[in-house]
Amino acid sequence: AILLGHYADYVEANAEGTIVRLGYSFGGNIPVPLLRDLDQKLDDGVAGTGVLRAAFGQATPAGVLGVIVEATGTDCTINTGNPYVWNVDSANQTCNAVFLY
């Protein structure tokens with residue numbers, strides 16, 4: 001499910017975003033390599049910078065539709081650097097991203 005709304009559950013360099021921004025959430029159940037490829041084509045290929053970001057939590061507007069949009073697992077990104085990067089070696093199939101405006 002692609003959802004348009006106001007989000008704060010996105011990666012800001014190496015932490016959770018603090019500013020609520022308008023964006024498209026791509027929903028859950030997306031493999032990490034697909035999100036990284038999409039990020040490379042639309043943006044900079046990095047999960048914590050640019051307009052396409054990895055999403056924390058459910059990344060749904062005001063926390064609604066949590067059952068439809070699954071949470072991003074901790075293995076969707078490599079969280080040891082600044083900024084976070086996509087963990088393309090992960091087998092996680094439940095990752096999420098948000099395209100910010």
Side-chain angles (χ1 to χ4, degrees):
I2 296 178
L3 304 171
L4 177 64
H6 289 91
Y7 303 92
D9 290 344
Y10 58 87
V11 175
E12 182 70 47
N14 66 342
E16 186 168 354
T18 57
I19 299 171
V20 176
R21 294 177 61 183
L22 179 66
Y24 278 110
S25 173
F26 289 92
N29 300 323
I30 303 173
V32 182
L34 183 70
L35 288 174
R36 196 273 316 261
D37 290 348
L38 183 64
D39 195 356
Q40 286 178 326
K41 291 178 193 301
L42 296 176
D43 195 23
D44 59 1
V46 179
T49 61
V51 293
L52 185 68
R53 309 274 182 93
F56 281 128
Q58 295 171 344
T60 56
V64 299
L65 301 175
V67 174
I68 297 171
V69 181
E70 295 296 327
T72 292
T74 56
D75 54 348
C76 293
T77 57
I78 297 173
N79 305 341
T80 56
N82 184 5
Y84 288 3
V85 295
W86 297 107
N87 183 4
V88 294
D89 294 328
S90 171
N92 192 335
Q93 299 287 309
T94 60
C95 296
N96 190 1
V98 62
F99 189 91
L100 301 170
Y101 289 94

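Since the model is a prediction, treat every value here as computed from it, not as a measurement.
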In Å, rounded to the nearest 0.5 Å, how long is the span from [atom1] of [X] to [atom2] of [Y]?
{"X": "Tyr24", "Y": "Leu100", "atom1": "OH", "atom2": "CG", "value": "12.5 Å"}
{"X": "Trp86", "Y": "Leu52", "atom1": "CH2", "atom2": "CG", "value": "6.0 Å"}
{"X": "His6", "Y": "Tyr101", "atom1": "NE2", "atom2": "OH", "value": "12.0 Å"}
{"X": "Asn92", "Y": "Ile30", "atom1": "CG", "atom2": "CD1", "value": "11.0 Å"}
{"X": "Asn14", "Y": "Asn79", "atom1": "CG", "atom2": "CG", "value": "9.0 Å"}

Cys95 to Leu35 - nearest heavy-atom pair and separation: CB-CD1, 3.6 Å

Nearest heavy-atom contact between Thr77 and Ala54 is CG2-CB, 3.6 Å

Hydrophobic clusters here meaning ILVMFWY residues chained together by side-chain heavy-atom distances under 4.5 Å, can you tell me if Val20 and Tyr10 are in one? no

Out of curiosity, does Leu34 fall in the hydrophobic cluster containing Leu42 (side-chain heavy atoms, cut-off under 4.5 Å, transitive links)? yes

Mind checking whether Val11 and Pro83 have side chains closer than 4.5 Å, heavy atoms only? no

Taking the side chain as every heavy atom from C-beta outward, state whether Tyr84 and Ile78 have any atom pair closer than 4.5 Å. no

Side-chain (Asn87) to main-chain (Asp75) donor-acceptor, under 3.5 angstrom: yes

Which residue pairs pass the salt bridge (charged side-chain N to carboxylate O under 4.0 Å, His left out) test with at least one member in residues 29-54, sequence neighbours excluded? Glu12-Arg53

